[in-house]
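These notes are about the structure you will find just below.
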Amino acid sequence: MQQPILQVSGLTMDFGGIRALNNLDLDVNEGEIVALIGPNGAGKTTFFNCVTGIYAPTKGEVDLYHKEKNRVVSLLGMKPNQVTEQGLARTFQNIRLFSQMTVLENVMIGRHCRTKAFILGALLRDKKTMQEEDEIIQTSHEILTKIGLQRYENEIAENLPYGAQRRLEIARALATEPVLLLLDEPAAGMNPQETIELVNLIQEIASEGQSILLIEHDMKLVMSLSDRIFVMDYGKKIAQGTPEEIRNNPAVIKAYLGEEVDA
Amino acid sequence: MFTFEELKRSFLVSIWFVFLTFPIMVIRVDSIEKTVQWRWMNMVYVAIGSFILSFVFRYMMQRKEMKSEDNGDGDKKDKTGRSFIHRWLADPKYRNAILGSLLAAAIIFPHVFSTYQTSIMTTALMYVVLGLGLNIVVGLAGLLDLGYVAFYAVGAYTYALLYHFFGVGFWVALPIGGLLAALFGILLGIPVLRLRGDYLAIVTLGFGEIIRLVMENWGAFSQGPSGVSNIPRPSFFGIDMSLDTALVYTYYLMILLVIFTIFFVNRLQDSRLGRAWIALREDEIACQAMGIDKMKTKLVAFSLGAFWAGIVGVIFAAKTTFISPRSFTFIESAIILSIVVLGGMGSIIGVIFGALILILLPEYLRALSEYRMLAFGAILVCMMVFRPQGIIGSIRRTYTYQNRKKADGEVS
Ligand SMILES: Nc1ncnc2c1ncn2[C@@H]1O[C@H](COP(=O)(O)OP(=O)(O)OP(=O)(O)O)[C@@H](O)[C@H]1O
Ligand SMILES: [Mg+2]
């Protein structure tokens with residue numbers, strides 16, 4: 001059994017009296033696409049927020065495994081920017097772009113945690129700083145080309161069509177060189193054509209070895225993309241397994257009562 | 001446009017204005033003669049003026065709405081929405097010509113104009129630098145700082161008191177004033193920068209007042225409300241200078257400082273750090289999720305802004321040779337903030353224009369200086385409604401890759 005790159009155990013999050021996450025276990029292996037699903041208000045976004053340091057969980061363990069360094073780091077108690085530095089990048093359910101910056105600049109911000117130049121470098125523009133700056137521009141450009149947004153490069157981010165904005169969030173997260181990419185409802189609000197393009201994009205990214213954990217309501221998308229699925233309801237994990245197993249799981253069908261689970 | 005409905009609305013507006021301005025415009029108490037003057041004509045002027053202005057205002061509003069409806073086509077600016085100034089500056093041929101002639105004009109200015117003009121210009125240049133400094137904090141990093149004048153005071157008092165107690169000269173005090181202000185920026189920033197928006201504004205406003213009150217009341221240290229006088233003017237290798245020469249010298253000093261500040265801010269905003277500031281302004285949470293250390297980035301912006309205020313503070317003390325707590329009231333902060341907002345947040349050229357307009361206009365329109373704050377308020381409200389990006393808004397730069405060289409848009 002290989003070492004999972006993300007290992008979450010016993011994660012619990014209380015908001016006052018509300019237990020939004022209840023003793024949750026979850027793991028993602030290298031190169032996998034794992035989906036996290038559940039009805040509205042199940043606690044999926046809260047899970048992302050706890051793992052990425054935006055909320056401090058009440059209890060639990062979050063460990064990230066660096067393969068090349070062969071080292072496990074606990075992400076608990078880290079600030080969001082430190083978590084990203086460690087290799088966990090995410091997108092947001094409600095798009096959060098830097099709306100007045102250009103598309104390219106949005107991606108360049110993603111390179112921040114992998115570069116160093118500071119006040120002195122900015123002022124002197126020495127060789128090292130300029131090389132780094134070139135690297136930032138070049139890498140961001142390449143990522144945008146891969147994501148298929150290069151023709152928007154110099155547009156202001158908020159002028160982009162909706163689907164492109166969602167893709168830009170993915171591009172920006174990829175620029176941080178994540179060990180694991182977290183996507184919070186990447187297809188939300190997309191039309192069928194955009195959704196198909198998104199599925200292709202995610203498959204392409206995954207085929208390059210990127211591990212992905214995604215939250216999604218679109219069952220068709222989830223069933224076709226995921227290697228494994230975790231299902232939660234009221235903050236608890238109610239099922240886990242392959243898409244086949246989940247489709248026929250009575251607990252899942254019950255949780256989604258009234259919602260269709262077809263694929 | 002001239003429907004009965006419109007006329008009625010304008011009429012109501014003018015009645016309302018007459019009512020509001022009645023106490024200041026109509027009644028005048030002559031405290032020497034102990035009589036009350038009733039200036040009824042003023043009431044008529046206010047009524048007619050506000051009646052017409054309300055028409056103009058609504059007409060502009062309509063135009064603005066029409067514009068936003070059919071935006072996209074029929075829009076003569078290019079896609080990035082840059083103004084003609086940005087396009088000129090993007091072209092190196094024009095840019096060198098413009099900057100060259102500006103520099104030449106700046107150099108001959110004190111030899112052509114009177115001492116009085118030079119003095120006013122020097123003050124305006126000081127506000128240019130203050131505006132550019134505050135622009136780092138407010139325009140780039142998006143931190144609303146209403147107590148900026150506190151750092152200006154720190155700089156001014158640093159020089160005044162260092163000279164008073166230890167006889168320290170101008171050139172030594174200059175960097176110390178800047179660094180001390182930056183240090184104050186960090187000390188204040190650590191607890192305060194956790195707050196956002198309105199809360200930050202209120203706390204910084206309080207801090208600005210605290211510094212002033214300390215200076216007012218700690219007599220043994222700062223000589224209280226009577227201030228510190230006999231501060232020496234900037235020295236030049238110990239050469240004795242006449243008053244006029246010293247002023248011209250200060251003027252050139254300010255020109256150099258302005259150039260240096262523009263260089264500094266331009267390079268900063270076009271760097272990894274500058275981008276991080278703008279990202280922070282746009283969305284804090286996303287910014288952190290991209291791996292940017294929020295506190296560190298904010299602190300750097302805050303203390304760099306304070307640094308410039310400190311530097312200008314030292315020069316201010318040297319120029320006027322006398323400072324007192326009254327030079328550092330909230331109004332100063334408000335003026336500097338107006339410069340940034342009016343000129344265009346995050347835009348260097350905009351801030352320079354803003355400073356020159358807001359400082360020079362009232363000087364030359366002395367008659368209006370009584371209504372200066374009124375005019376400021378009115379202008380700012382109109383700006384927020386009609387042109388929220390400022391006179392000259394900032395533009396985002398673009399990059400190209402073929403030869404890994406950057407394209408146009410050097411200055412913004
Ligand atoms: N900051 C917070 N304070 C208090 N309660 C919160 C907070 N954030 C989330 N919750 C609660 O936690 C529960 C889970 O919310 P969450 O946003 O994680 O759901 P979700 O599974 O992402 O739902 P959706 O599919 O609608 O996005 C909800 O009951 C919500 O009200
Ligand atoms: Mg959610």
Side-chain angles (χ1 to χ4, degrees), chain A residues 49 52-54 79-86 88-92 95-119 121-125 129 132-134 136-138 140-142 153-159 169 172-173 175-176 182, chain B residues 71-72 78-81 136 142 182 260 263-297 300-301 303-304 307 345-346 389 393-409:
Chain A
N49 286 341
T52 55
I54 292 179
K79 288 193 277 179
N81 56 301
Q82 293 169 320
V83 171
T84 308
E85 230 174 284
Q86 288 300 328
L88 219 54
R90 68 173 291 181
T91 66
F92 293 90
I95 302 179
R96 282 180 171 273
L97 289 174
F98 306 119
S99 47
Q100 297 303 319
M101 300 176 92
T102 65
V103 169
L104 185 70
E105 282 175 317
N106 266 274
V107 183
M108 286 165 78
I109 290 289
R111 297 299 300 158
H112 193 94
C113 60
R114 302 288 169 238
T115 44
K116 286 200 205 58
F118 212 53
I119 303 176
L123 290 185
L124 300 179
R125 290 203 177 157
T129 310
E132 193 181 88
E133 193 76 3
D134 272 351
I136 294 176
I137 298 170
Q138 199 63 27
S140 309
H141 175 65
E142 278 158 18
E153 228 155 53
N154 291 323
E155 299 275 339
I156 300 295
E158 73 174 352
N159 298 341
E169 274 222 344
R172 195 176 64 171
T176 67
L182 307 178
Chain B
N71 77 19
D78 66 21
K79 265 186 295 181
T80 42
I136 298 177
F260 178 63
F263 170 83
F264 191 98
V265 177
N266 187 41
R267 287 216 154 172
L268 266 185
Q269 74 176 14
D270 191 23
S271 73
R272 173 175 173 271
L273 182 60
R275 284 192 299 269
W277 284 336
I278 297 169
L280 199 64
R281 178 187 78 190
E282 299 287 309
D283 191 319
E284 273 192 17
I285 292 184
C287 199
Q288 284 180 285
M290 288 296 106
I292 292 173
D293 188 331
K294 184 173 90 178
M295 260 327 252
K296 185 171 151 195
T297 312
V300 171
S303 58
L304 274 181
F307 176 78
M345 293 220 266
Q389 73 271 42
S394 65
I395 48 160
R396 305 308 316 149
R397 63 175 290 187
T398 54
Y399 305 81
T400 50
Y401 324 91
Q402 289 78 7
N403 47 5
R404 291 192 167 204
K405 271 268 165 322
K406 279 146 214 167
D408 51 356

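We use all heavy atoms of the structure for the numbers below, so side chains are in, but hydrogens, waters and symmetry mates are not.
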Tell me whether B/Arg272 contacts the main-chain N or O of A/Glu133 through its side chain, where contact means a donor paired with an acceptor under 3.5 Å.
no
B/Ala286 and A/Arg96: which non-hydrogen atoms are nearest, and at how many Å?
CB-O, 3.4 Å
Counting N and O atoms only, with roles assigned by atom type, does the side chain of B/Glu282 sit under 3.5 Å from a partner on the main chain of A/Gln100, one being a donor and the other an acceptor?
yes
Greatest number of heavy atom pairs closer than 4.5 Å to chain B - which of A/Thr52, A/Thr102, A/Thr115:
A/Thr115
Listed by chain and number, what are the salt bridge (Lys or Arg N to Asp or Glu O under 4.0 Å) partners of A/Glu132, not counting sequence neighbours?
none
Per-residue tally against chain A (heavy atom, under 4.5 Å) across B/Leu268, B/Asp283, B/Ile278, B/Leu273 peaks at B/Asp283
Can you sort out the partners of A/Gln82 under side-chain contact (heavy atoms from CB on, under 4.5 Å), two or more places apart, ordered by chain and number?
A/Met78, A/Lys79
Side chain, backbone, both or neither of A/Leu124 within contact of chain B (heavy atoms, under 4.5 Å):
backbone
Rounded distance [0.5 Å steps], CD1 in B/Ile292 versus CD1 in A/Ile109:
4.5 Å
Which answer fits B/Leu280, side chain, backbone, both or neither, if we ask what part of it has an atom under 4.5 Å from a heavy atom of chain A?
neither
By a 4.5 Å heavy-atom criterion (distance strictly below it), what part of A/Thr176 contacts chain B: side chain, backbone, both, or neither?
side chain
Nearest heavy-atom contact between B/Met290 and A/Gly110 is SD-CA, 3.9 Å
With a 4.5 angstrom heavy-atom cut-off, is it the side chain or the backbone of A/Ile54 that approaches chain B, or both, or neither?
side chain
Calculate, to the nearest 0.5 Å, the distance between atoms CD and CG belonging to A/Glu85 and B/Asp293 respectively.
8.5 Å
Of all heavy-atom pairs between A/Arg90 and B/Ala289, which one has the smallest distance, and what is that distance?
CG-CB, 4.3 Å
